[in-house]
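Some notes on the structure that comes next.
None of these values were measured; they are calculated from a predicted model. Letters go in sequence order (proteins before strands), and every chain restarts at 1.
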Amino acid sequence: MTRVRFAPSPTGFLHIGGARTYIFNWLFARQHGGKVVLRIDDTDRERSTDEALQSIIDGLHWLELPWDEQHHQSERRTKHVEAAEALLAKGLAYRDFTRQNALPEAKDAAGVWLANPVMRELTRDESDRRASAGEPFVVRFRVSLGTDRTITFHDQVFGEQSRKIADIEDFALLRSNGSPTYHLASTVDDSDLGITHIIRGQDHLTNTFKHILLFEALGGDLPVFAHLPLLLGPDGSKLSKRRHGEIVSVTNYRDHGFLPQGIINYLCLLGWSPKDNQELLTRGELIELFKLESVNRTNAVVTFDEDSEQSWADPKALWINGQQLRSLPVRDLLPYVEIELREAGWRLPQNEAGRKPSLEATVDLIRSRFNTLKDFTERGAAYFNDTFPTDIKAEKNLNKEGVRESLRALADRLATLNDFTSESVETTLRSLAEERGMKAGLMINGARAALSGQSVGPSAFAIFTALGRDCVIDRLRKV
RNA sequence: GGCGCUAUCGUCUAAGGGUUAGGACAGGGCCCUCUCAAGGCUCAAAUACGGGUUCGAAUCCCGUUAGCGCUGCCA
């Protein structure tokens, strides 16, 4: 059974790099009929916060890619400590009583620190004696420095990887306060939770050799490793909460009106592609097409401009979201739109005895111009609400010679129409324009302005029918 | 400093020994048109640099440069 895991540390919000890692894990698991484990790596209790945890859960939840199990490392601490003690007992680890922050001389001399020979060679008796005397220590893994062994593994993305054991330092397993380090906790849990595939950021590529050493010492099966290229900010540095701020948070995309399928589609195209020029992919297609082997090895830059309201996100991300928003079956889009409207505090329009087209029809009409859900309450305000702003250009269209008066006249004619269809409205409008010796375009644009408050938007006649006769007459008379 | 990874249009990417180096976003232009989008067409835009191997290199090898990662009692 394939089992993958996503292991965020709750020290901040979930950024889109982490989200992409989660998505790739999820796709891989689903494709193989496996399970997704969400493991909260909160061994660093001081830096972990409940707010961060909640924000991560919210972000993941929003993606609508459910996980199957959830664990917290802090609850598994006993297992980690036991593992360290077992290694200590077997001589595969040792206590290092060097004071914190006191640099081993070896580091100064060679520029590289691998081990503290004094602590490494302490006899067991002396080590036990100093420990029971209460002297603080950190437990280090004893890397077999003497051998000329080279560790090799086949990374599913980066291919054959090898490293001389002599280049690996004696890394810490337990801190002097007794808490497990990331390397220990992560490996013990991966082994214990039966993780078969570790798919994570490339920043862990070189850590993998340490983990392999630990897996061997712990006696567990080695999982398959796959490292993902990093996501970089516009400045070329690794995407991070600290450096790039809230703008790279997953919830920021949600709050700006992204669709889960929009952000997922965009993120999947960063570092991976289906190789056939297809760019718009549904979740089902992604599950089917995703291959670790076709993940790139080069870091990808996410472009955004924190100073610009317009380009807060990568323009391509916005474009993809717009494409998703337009291509989704309207029925599937509706729930998102309803939430958006509700959050704006608006009542959902009701279908009034067949006089008004369905909410679906309206959404379908206006969505071809929209890129995010926010557009429904901003640019789409007039379709759902009686109070809406009129923009400057629309105002100008209304102020053109004779427009307001003609629109009021049009309202009277529309009131007498038997059939209120876009054809009948068009015929009525055009003949009225002709009678008045006026260009139809003036009235058409004026009508759009009066009905929607905007100079741009769908075909004016489509707006008439989308709003329904009563609403149209009301708005035209008030012009 | 040491070890490792990477390098194709501004950005995301395709081509993995033989292509006019393809697509997408963004940008320019045209068509469509009641406006704006959408859509269609089109223009501009790239193999980091230097050596080698080869009849032939974006592709394989070496070097350089640049970027990134690891080198923590962070993860």
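- Judged as a side chain to side chain donor-acceptor pair (under 3.5 Å), and not counting sequence neighbours, A:T298 has no contacts.
- Among the atoms of the strands shown, none is found under 4.0 Å from any heavy atom of A:T11.
- Applying the ring-ring contact (aromatic ring centres under 6.0 Å, His included) test to pairs two or more places apart or on separate chains, none has a residue in residues 427-457 of chain A.
- Applying the side-chain contact (heavy atoms from CB on, under 4.5 Å) criterion to A:R436, with sequence neighbours excluded, gives A:E405, A:S406, A:A409, A:L432, A:M438.
- Residues forming a salt bridge (charged side-chain N to carboxylate O under 4.0 Å, His left out) with A:E435 (at least two apart in sequence, or on another chain): A:R413.
- Every residue was checked against the side chain to side chain donor-acceptor pair (under 3.5 Å) condition with A:N299, not counting sequence neighbours, and none meets it.
- Annotation: B:U59 and B:U19 have their P atoms spaced 13 Å apart (nearest Å).
- Each of A:V138 and A:S273 lies near RNA chain B, and the nucleotide nearest A:S273 is the one positioned closer to the 5' end.
- For the P atoms, the distance linking B:C3 with B:A46 amounts to 37 Å, nearest Å.
- Not a single ring pair (Phe, Tyr, Trp, His ring centres under 6.0 Å) links A:Y336 to another residue, sequence neighbours left out.
- Base pairing of B:U11 is made with B:A24, judged by Watson-Crick or G-U wobble geometry with both donor-acceptor distances under 3.5 Å.
- Protein atom OH of A:Y266 is 18 Å distant from nucleotide atom P of B:A24, rounded to whole Å.
- Rounded to an integer number of Å, the gap from A:I320 CD1 to B:C12 C1' is 8 Å.
- Side-chain proximity of A:E279 to B:G69, B:A24, B:C73: nearest is B:A24.
- The nearest whole Å value for the distance from the CG atom in A:L184 to the C1' atom in B:A75 is 14 Å.
- Atom pair A:L232:CG and B:U11:C1' shows a separation of 12 Å (rounding to whole Å applied).
- Across all strands shown, nothing is found opposite B:U19 as a Watson-Crick or G-U wobble partner with both distances under 3.5 Å.
- Shown here are the side-chain contact (heavy atoms from CB on, under 4.5 Å) partners of A:L269, two or more places apart in sequence or in another chain: A:N265, A:W272, A:P274, A:E279, A:L281, A:I320.
- In this structure, A:K210 reaches the sugar-phosphate backbone alone: every heavy-atom distance under 4.0 Å involves primed, P, OP1 or OP2 atoms, never a base.
- In this structure, the CG atom of A:N277 is 11 Å from the P atom of B:C25, given to the nearest Å.
- The C1' atoms of B:C5 and B:G18 are separated by 30 Å, rounded to the nearest whole Å.
- Although no hydrogens or angles enter the test, the distance criterion places no donor-acceptor pair under 3.5 Å between the side chain of A:N397 and the main chain of A:G446.
- Within 4.0 Å (heavy atoms only), A:H204 reaches at least one base atom of the nucleic acid.
- Across the strands present, B:G1 finds its partner in B:U71; the criterion is a Watson-Crick or G-U wobble pair with both atom distances under 3.5 angstrom.
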Close N/O contacts between protein and nucleotides 4-10 of chain B (under 3.5 Å):
| residue | atom | partner | partner atom | Å |
| --- | --- | --- | --- | --- |
| B:C5 | O2' | A:Q202 | NE2 | 3.2 |
| B:U6 | OP1 | A:R297 | NH1 | 3.1 |

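- Using atom C1' as the reference point in both B:G23 and B:C41, the two lie 16 Å apart (nearest Å).
- The pair A:E169-A:R140 does not count as a salt bridge, with every side-chain nitrogen at least 4.0 angstrom from each carboxylate oxygen.
- In a base pair of the Watson-Crick type (N1 to N3 plus N6-O4 or O6-N4) or a G-U wobble (N1-O2 and O6-N3), with each distance short of 3.5 Å, B:G39 is matched with B:C31.
- Between the base of B:C12 and the side chain of A:K316 there is a donor-acceptor pair shorter than 3.5 Å.
- Taking the side-chain contact (heavy atoms from CB on, under 4.5 Å) definition, one finds that A:R379 meets it with A:R369, A:F370, A:D375, A:Q454, sequence neighbours left out.
- Residue A:G322 is classed as having no contact, given no heavy-atom separation below 4.0 Å to the nucleic acid.
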Practice task
Can you check each nucleotide of nucleotides 32-45 of chain B against protein heavy atoms at under 4.0 Å and return B for base, S for sugar-phosphate only, - for none, in 5' to 3' order?
Solution key: --BBBBSS------

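- Considering all non-hydrogen atoms of both residues, A:A226 and A:V157 come closest at CB-CG2, 4.3 Å.
- Atom pair A:N207:CG and B:A75:C1' shows a separation of 9 Å (rounding to whole Å applied).
- Under the salt bridge (charged side-chain N to carboxylate O under 4.0 Å, His left out) criterion, A:D189 pairs with A:R76, sequence neighbours left out.
- Side-chain contact annotation: A:T43 with A:H80, donor-acceptor N/O pair under 3.5 Å absent.
- Across B:A21 and B:U47, the matching C1' atoms stand 8 Å from one another, rounded to whole Å.
- Under 3.5 Å, the side chain of A:D276 and the base of B:A14 form no donor-acceptor pair of N or O atoms.
- In this structure, CZ of A:R47 is placed 13 Å from C1' of B:C73, rounded to the nearest angstrom.
- Salt bridge annotation for A:R430-A:E423: absent, with no cationic side-chain nitrogen under 4.0 angstrom from a carboxylate oxygen.
- Near RNA chain B, meaning a heavy atom under 4.0 Å away, the residues from residues 174-183 of chain A are A:R175, A:S176, A:T181, A:Y182, A:H183.
- Shown here, B:U6 forms a base pair with B:A66; the pair counts as Watson-Crick or G-U wobble because both key distances fall under 3.5 Å.
- In this entry B:U59 has no Watson-Crick or G-U wobble partner, no candidate having both defining distances under 3.5 Å.
- The separation of B:C9 from B:U20, taken at their C1' atoms, amounts to 16 Å, rounded to a whole angstrom.
- Among the heavy atoms of the strands lying under 4.0 Å from A:N296 are primed sugar atoms or P, OP1, OP2 only; no base atom is included.
- The distance between atom CD1 of A:I263 and atom C1' of B:C12, rounded to the nearest whole Å, is 14 Å.
- On the P atoms, B:A44 is 44 Å away from B:G1, given to the nearest whole Å.
- One P atom belongs to B:C36, the other to B:C30, and the distance between them is 13 Å to the nearest Å.
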